[in-house]
Number of protein chains: 2
Amino acid sequence: MKKHQITIVDIARQLNISKSTVSRALTGHPRVSEKTKEAVLKLAGELDYQRNMLAINLMSSQSHTIGIIVPEFVTSFFPMVIMGAQEVASKAGYNVLISQSNESYETEVANAKVMLDNRVDGVLVSLTRETRNYDHLNVFQRKGIPIVFFNRVCDDMQVPKVVVDDYEGAFKAVEHLILTGRKRIAHLGGPTSLHVSKKRLEGYKDALRKYSQPIDQELILDYDLNLDKVKIYIKHLLDLPQPPDALFTINDPTAFEAMLFMKAKGIKIPEQIAVVGFSNNYGSTLIEPRLTTVAQPTHEIGQVAAQLLLDQINSDASEWKPIYRVLKTELLVRGSS
Amino acid sequence: MKKHQITIVDIARQLNISKSTVSRALTGHPRVSEKTKEAVLKLAGELDYQRNMLAINLMSSQSHTIGIIVPEFVTSFFPMVIMGAQEVASKAGYNVLISQSNESYETEVANAKVMLDNRVDGVLVSLTRETRNYDHLNVFQRKGIPIVFFNRVCDDMQVPKVVVDDYEGAFKAVEHLILTGRKRIAHLGGPTSLHVSKKRLEGYKDALRKYSQPIDQELILDYDLNLDKVKIYIKHLLDLPQPPDALFTINDPTAFEAMLFMKAKGIKIPEQIAVVGFSNNYGSTLIEPRLTTVAQPTHEIGQVAAQLLLDQINSDASEWKPIYRVLKTELLVRGSS
DNA sequence: CTGTTAGCGCTTTCAA
DNA sequence: TTGAAAGCGCTAACAG
């Protein structure tokens, strides 16, 4: 299955010059005479020569590839981030190797190994909900391969991170609920291991505090993001002696599930319960009423993260700084609140 | 920025044996004594040796990577397909290089070049809505790199293709509308250049024919899949002297837009107009009423396409056959019809 | 079972 | 401006 390949030697032979000259001509090296350059370029075109990145990669010990490790990419969030990252990366001549861990720690570890094997020049990672151990990521550090976290970041590693202001986003969401007269605001949060869960919970609490509303532990639930379980938690909340009149969820998919369940129960949204989500995922304007949510600048997250990574790739490891970029969120008030 | 790398020579030197022996031990070659093998494996572990795929790739002139070119990946369809493909690929030790053409022909061409530069061992492609010229894909053929099309296939190239039975899916959808008493079924189709558009239109027409309903050209529209334009077409249909009482759209996002517009106009779905989409995208159970749609086995499409590609990669080009795999669709009847 | 040699396609010294 | 030679890290072929 040997593939037919046109190489630099082929061109050199046909033109009866050395391969180094051909290489120089092809790479736009300054010290090549115009005529040889032209001849080379012409023949290369005719022969449909295509440079072999495999060889270049080995030479330079750079794969010209950055890896992206995300927990999933069916809800629109990660695809949007990836788009932003890909834009920046490919503009700089880098490929993007995407792997989804499927929210599985095991898979994340395996994916990391693949990235390592393939000598990615850097990685962008957003952790799974179950990742507690970071050995597989520390390897990158040890090998001098830059990492940038985004969204689901790791507090224990001193590397650049790109997040949105989860605290403020949650704060604004809950404040909005308070200002529209809600008295018992429940929060269905994410796993407490995730940084975003903690921040959003803090924002929730502080908003209540600011307006002197009691923080009722009964109304604060956290769950593992397994959407099938949402209805259980919602049912629990609704069955409370004093059920909530508003719900702030960790993300939009959770809010969708909650709304679907409540609508099936005949509960009026927002009259009986107002709902606010987080992220402005695809679908938030499809559901009825349209979901009020905290929008994240997904595309920008990807761009910024990729740029931060490229900056590290192109600088000495000694100059790497654990830059922490916090992007702004925007509260989108819609029909559900 | 030279990176610190542990290589086979390092291990060989430390153990005072030849590098070929080390290589053999590492790759599980049979003719290596147990003790040397153990020693090598042990030291490799301690040194945290990681094989360099860059070198292996050059050696074997194989990148161990397959490329996937898709028009977009924000609606859930392509991500699901990619997941299926990735599963099969990584099980076989292949990486996946994903690129989205953003429905732009130019970008598709550029992406194809990147894939070529990187010597992908094969490509999975789903065309943009504007691709008419296939030179950039024929290059792969010429270079002996296998291609498999899926979903948006190219009729002009004799290569394997994986599609769903668009004709039958559309037929079933329209038949369902007829059997539930609809008399004027409109069709908002996709660009006529796309194979899927043609097939779905055929299915639509044949269903009408089977039940002796007139085919009213007034009710058949095709558009470029630019969702912003949907409302224009729907308005046009509704303003007809005899407006339709059912709508079959080329895909779900189109149906969503149509429903949103009609609901805003106060039109009752399905009472006044029944709606049926295609693909069972994310969101079809979020919108109200829930969308009746023709489900595609997205995951399976990806798996089958990847497998077909791997089969070609692992066989001589002379044995390649333009296998045409047609997968079954399933009509999901929900509230919108 | 182990070592030696050569080479994948390219770039990069160092000379000429 | 051009050429010759060395080498990136690995594996495969051929000896021993």
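What you see is a predicted model; the values in this text were computed from it and never measured.
Within the 4.0 Å cut-off from OP1 or OP2 of C/dG3, at least one side-chain nitrogen or oxygen of B/T21 is found. Taking side-chain N and O atoms only, A/Y49 has a distance below 4.0 Å to OP1 or OP2 of C/dC10.
Between A/Y94 and A/H64, the ring-plane angle classifies as tilted under the 30° and 60° cut-offs.
Checked against D/dA6, D/dG3, C/dG9, the side chain of A/S18 finds its nearest nucleotide in D/dG3. Residue A/T36 places its side chain closer to D/dT2 than to any other of D/dG9, C/dT11, D/dT2. Of all nucleotides listed (D/dT2, D/dT11, C/dG9), D/dT11 comes nearest to the side chain of B/I8. Set against C/dC8, C/dC10, C/dT2, the side chain of A/K19 has C/dC10 as its closest nucleotide. When distances run from any side-chain atom of B/R31 to the nucleotides D/dT11, C/dT2, C/dT11, the shortest one goes to C/dT2.
With rounding to whole Å, B/L58 atom CG is found 9 Å from C/dG7 atom C1'. In this structure, the CD1 atom of A/I11 is 12 Å from the C1' atom of C/dC10, given to the nearest Å. In this structure, the CG atom of B/N16 is 8 Å from the P atom of C/dG3, given to the nearest Å. One can place CZ of A/R13 at 12 Å from C1' of C/dG9, the figure rounded to the nearest angstrom. Rounded to whole Å, atom P of D/dC10 lies 16 Å from atom CE of A/M59. Taking atom NZ on A/K37 and atom P on D/dT1, their separation rounds to 10 Å, with Å as the unit. Atoms CG (A/L26) and P (D/dT2) sit 14 Å apart, rounded to a whole Å. In this entry the distance linking CG of B/N52 with P of D/dC10 reads 6 Å, nearest Å.
A salt bridge links B/E103 and B/R152; the closest N-O separation between the charged side-chain nitrogens and carboxylate oxygens is under 4.0 Å.
Residue A/K113 places its NZ atom among more than 12 non-hydrogen atoms of other residues, nucleotides or ligands, all under 6.0 Å distant.
Between the CE atom of B/M59 and the OG atom of B/S61 there is a distance of 8.0 Å, given to the nearest 0.5 Å. Here the straight-line distance linking atom CZ of A/F150 with atom CG of A/L309 works out to 11.0 Å at 0.5 Å rounding.
A donor and an acceptor atom sit less than 3.5 Å apart, one in the side chain of A/S20 and one in the base of D/dA4. No donor-acceptor contact under 3.5 Å links the side chain of B/S33 to the base of C/dT2.
Toward the 5' end of DNA chain C, the nearer of the two residues A/R24 and A/A55, judged by each one's closest nucleotide, is A/A55.
Looking at heavy-atom distances under 4.0 Å, B/L54 makes no contact with the nucleic acid at all.
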